[in-house]
Each structure stands twice: as structure tokens, then as C-alpha cells.
Amino acid sequence: IDNDFRFGRWPLCLYAEWKEVPYAEVSTRKKTFAEVQTERLDQAERTVLIKCPSKINEKKLLQYLSSHGNVKSHFFFENRGISALIEFSEKGSIASLQDAVGIPSASEHHVVPFKSRLFTFTLKNPGSQRIEETPLHLSPQCHIPVKDLIEKLCLADSISSQMYMLLNEYQLTEENIKLRFLACSLVRDFTCAYFPDSTVKPFGSSVNTFGKLGSDVDMFLDFRDTGKHATKMKKGPFEMEYQMKRLPSERLATQRILSVIGDCLDNFGPGCVNVQKILNARCPLVKFAHQPTGFQCDLSVSNSIAIRSSELLYIYGCLDSRVRALVFTIRCWARVHGLTNSAPGTWITNFSLTMMVMFFLQRRSPPIIPTLDQLKELAGKHSCFCGYCSLFNFFIILKTNFSLLLLMALVFFPLDVLLGEFFEYFGNFDFRKNSINLRKGKEVNKPESSPLYIWNPFEQDLNISKNVNQPQLEKFVAMARESAWILQKEDKTQQIMDKEPWGLAALLIPFGKSNSSKMKNRMKGIGSETIRSLLDSLKLNNANSQQKAVGK
Ligand code: GTP
Ligand code: MG
């Protein structure tokens, strides 16, 4: 502990108040969100992608590469053929490789002189190469289809283990995360041409611990480091004019920046296709498909609210193993029942749904996660914390101190209990009157009549689910009630004997397709209520349409 303290790894107040923390816990300090990001971005800067022939000799490839530097890690994956992600120990190895490669020459193409980090590995005499006996391991970059997942789930021994199984199948792998950071780093190679100090960082589900294999990569162009530099300069008599081009609004500056970066990616970005500039959206962005990594990407300009939301969810996701398993389960359930959709529309977004799960975990008794106000209070007590993100370490310690309580909570409130409670909670939530406030961890009167009102935790008076209409909310409530019913009433032993999907597997089959007669009976119960709410919503919508939209 003394060493950790001496090297400034622990703020004094933590040392004083939590000195009973076991040594092992302190010496294996978990990294903060910012530290993890920095480390991964640094890794990505030392990384290249190599397209390989279908019959590749792994040893040979590594042998060639070793003449340029030490390969720290590598893996192979399938994406329009086989590719290898190669992480060098030193950044200089990339320049050495770039200097040694040939540039394709074809009379019908004109080569744009940009040294990329994408390579193709070809052997002069592929026939003469001995193929390795051990087959190449290909790291999966997408999850198994729901149909296969359902079959797997039926083999589990409890609903809780089904939920952890789903988490294991769907969550991002270490390799997929590396690929996501690489995609950002490759885009940065372009943004640096215009803004040398800029960085491109992922946010959203790529980093908030709730990312699923196959989800998009949300990235933002960050000038924060440039900002820091500018502040330093203020001390002297000089100001950098090139940074100071004045535009009438931040939005206009964002639009201009994204416009040139979008054009640049479109014209010269290797493997950047279907580039769409969506500059008039509430949050201007450039959408594109990045073929070398296989990701759909959304590039925006630094948005502190979105970053803080990502950090907050990261903290919640790391606090308790049940949080992520529950979120993945609910997201998958919502997708199967058409409650969410990858296209924007009037349905609930994954982001809103995640916030609803967090709210439920704050509200249940005893709560599983703290409210934002509680986090803020703790941050206030410990003045050395500059923001919520730094609280992460604090919670690791908190967890250690209350490990017995947590263990009890795990035993008495296993995941299947939480799942059932979630459906019951939102199946009976008074959406007409109440809104969801994660800051207070309380249901509060709706400030306006949107069908679903979830307060943006970092920007009060903004509703993150303003897009959701009444029929979509109705559908969510009906599905939640149906699912609560299934969990309570279904007989696992009987279902196994009848070779029917049970537990979570039964919840992941569109309800019309199985037990349709049972479903109809149960829906009858809520039918009249649904009609009543629809009529109410018509009144609400009418009143609503007279109000001016106020952003998210
Ligand atoms: P998936 O991509 O579906 O896996 O989840 P995601 O969390 O990445 O959602 P999405 O790609 O739609 O959005 C990326 C990030 O933008 C989210 O994690 C939020 O931080 C932010 N975001 C998305 N929608 C909203 C919104 O309506 N309001 C606010 N304040 N932030 C949003
Ligand atoms: Mg996303």
C-alpha cells in the first residue's frame, strides 16, 4: 500500500478511509475507463491489417513480419477472405513494413499516394508453400444466429445460466474490441491530415461493456488534447490563429469539419464505402462501411454527454456481473420481439432500453446499483475525484468491503429473479404519469406528455426516448407482461419432456409462433387496457403535437 501511495496511485482520502482493503486488491488495481481507452488506442496505433491468401502459412507470415519488428499479438478472422490483425511492439515497425512493400500497379487505376496500414500478403509460388497441419484458428466476429442460441440455451440447467450463456455468445471478444479500436485508428490517419492533434475514439456500446458482436462502431473526432494545448498557450502572448477561425456556431463548425472528413474518407479512404454525410441531424455525423474491418461506422465530433454516458454505463457494467447479463438478455429479447430495430424510428433504442434496465436495478429492493446522485455525493466527499469515471476504482474497493453483502445478494436475487422482476416492474409501470429519472433513482411526474420519458442523466430536461410513440410503448408493455407470465407459469420439467424450449429460450421465440392459443387468452386480459391506453395516447398525442419539439 505504501508503494502504491508513494507512486501516487491512490488518493490520500481513499488511503485513509479504506485502509482495511486487502493488499492484493490494491496491488491489482482495476484500470479506469480513461486508462483502458488510452491503452487500447495506443495498441491500435501499432497495429496493421493484412489480407491473406486462403491457404496461409501462419509461421511463414510471422517470419516475414519479424524482419520488421517484434509481433506482440496477432489473430486471424474471416471478412471477405482471411485477414490477420498484427500488433507490433513498436510503432516504427509499421514504417519499416510500409517502406518494404510494393505498390499495386494497374493501368486502369491511378494510385492515390497514401501509405495505409492495410496490406495484402501474396506469395510468389503459393504451390511450393507447405500448408501447416494445424488448421488456422479464425476468431469469430459475429454471434451465432438466435435459432442456434435457443438450442444451446435449452441445454443449460437454470435460467440464470441461460442468461450467462447468452452473454458469452453475444458479448464483444478481446479480438473484436481490438478491431474496433483499429477502425478508429485508421480513420484517425485521415483526420490527422487536417487536424494533426486530433484523435478518433470509440464510444457507445463498443466501450460501455454492453456491446454485442455485430453492432456498429460509434466513433468521435476528439480535439480535447488540442484544447489542453490551447489553454497552455494562453499563458504566453501568442494565440494560434489557425485554430481560431471563427464560425457563428459550434454546430456549423462541427458540420464543416465532418463535411471535409466525409469527403476525404469517400475519395481516399481505403475500404471506406457508402459514405453518407448526415449533417443536418440533431447530432451531425458521417456514416460509412469500413470494409477491411467489416464494421458499419458512425463518425461524429466530440460530444461530452455521449462520452459521459458511455463512462457511466461502463461503471455500472463493471459493478456487478448480473448487470451485463440482464442487459444483454433484455436487448436480445427486445430485438426478437421487434421492440428494437437497427433503423431509426419510433421504437425504443438499445440505449434507452439499457437505461431502463439501470433504472430498474436502482429501484428494486435492495438496489443493485447506485443512483447518479449517490455517485455524485461520493464524488463530492472525495474531492480528489474529478468526475464519475474516477469513481470506478472507489467501487472496486466498495465491493471488496461489502463482498459478503454482495454474495448474499447474488444468492438471494439470482438473475432469473431479476429478469422476472424487470418484466413485472415495467409491465406495471405507470408510463402515463411517471418518467424515469436515473439521477434521482425515482419515478417522477412526467414534465411533458411524450409516451416514454427517460431523463437524459447528464442534460436535465431532455428526454432520450422522445422518439418512442404510444403504440411502440404499448407493445413493450404487452411483451413485458407476457414474458413475466411465461416465467411465472411455465413448467420447466414438462417443457423439457415435451421437447419445448423453456425459460429464456421460450422468451426468445416470437410469441405468436408458440403457444398461440395460450397467448391469445393472456392478451385478452390486457386487451381492454391496451385499448384504453391507446385512446388516452390519442388525447396525449393531440396535446403533444401542439408542443414544440425540444431535442433529445
Ligand atoms: P448499439 O449500437 O445498439 O449496440 O448500442 P449503442 O449504445 O452504441 O447505441 P447507438 O449506437 O444508437 O448510440 C451510441 C451512443 O450515442 C449511445 O451509447 C449513447 O451514448 C449516445 N446516444 C444514442 N442515442 C442517444 C439519445 O437519444 N440521447 C443521448 N443523450 N445519447 C444518445
Ligand atoms: Mg452503437
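Nothing here was measured: the structure is a model prediction, and the numbers come from that model. For the numbers below, each heavy atom of this structure counts, side chains included, while hydrogens, waters and symmetry mates do not. Start at 1 and go down the list; that is how both ligands and their atoms are numbered.
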Go through ligand 1 atom by atom and flag the ones less than 4.0 Å from a non-hydrogen atom of [X].
X    : result
N456 : 30 (N)
S215 : 4 (O)
I464 : 27 (O), 28 (N), 30 (N)
N350 : 3 (O)

Closest contact, heavy atoms only, P270 versus S116
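Shortest heavy-atom separation between P270 and S116 comes out as CG-CB, 4.0 Å.
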Presence of salt bridge, R308 and E459, under 4.0 angstrom
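No, no charged N to carboxylate O under 4.0 Å.
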Does [X] reach ligand 1 with a nitrogen or oxygen that is under 3.5 Å from one of the ligand's nitrogen or oxygen atoms?
X    : answer
R282 : no
S310 : no
K212 : no
G204 : no
D216 : yes

With backbone taken as N, CA, C and O and side chain as the heavy atoms from C-beta onward, which portion of S309 lies under 4.0 Å from ligand 1: side chain, backbone, both, or neither?
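Answer for S309: side chain.
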Tell me how many protein N, O or S atoms are closer than 2.8 Å to the Mg ion (ligand 2).
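Step by step: take the Mg ion (ligand 2), keep protein N, O, S below 2.8 Å, and you get 2.
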Could you pull out every donor-acceptor pair under 3.5 Å between side chains of residues 416-424 and any protein atom, sequence neighbours left out?
residue: D416; atom: OD1; partner: S160; partner atom: OG; Å: 3.2
residue: E421; atom: OE1; partner: R364; partner atom: NE; Å: 2.7
residue: E421; atom: OE1; partner: R364; partner atom: NH2; Å: 3.4
residue: E421; atom: OE2; partner: R364; partner atom: NH2; Å: 3.2
residue: E424; atom: OE2; partner: Q488; partner atom: NE2; Å: 2.6

If you take the centroid of each ring, where Trp contributes its six-membered ring, are H143 and Y170 closer together than 6.0 Å?
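Ring centroids of Y170 and H143 are less than 6.0 Å from each other.
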Is there a donor-acceptor pair under 3.5 Å between the side chain of K201 and the backbone N or O of L41?
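Pair absent, no side-chain N/O of K201 close to backbone of L41.
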Q141 pairs by side chain to side chain donor-acceptor pair (under 3.5 Å) with which of T293, N176, T173?
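Passing option: N176.
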Within less than 4.0 angstrom of ligand 1, does F210 place any heavy atom?
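F210 does not count as a contact of ligand 1 under the 4.0 Å cut-off.
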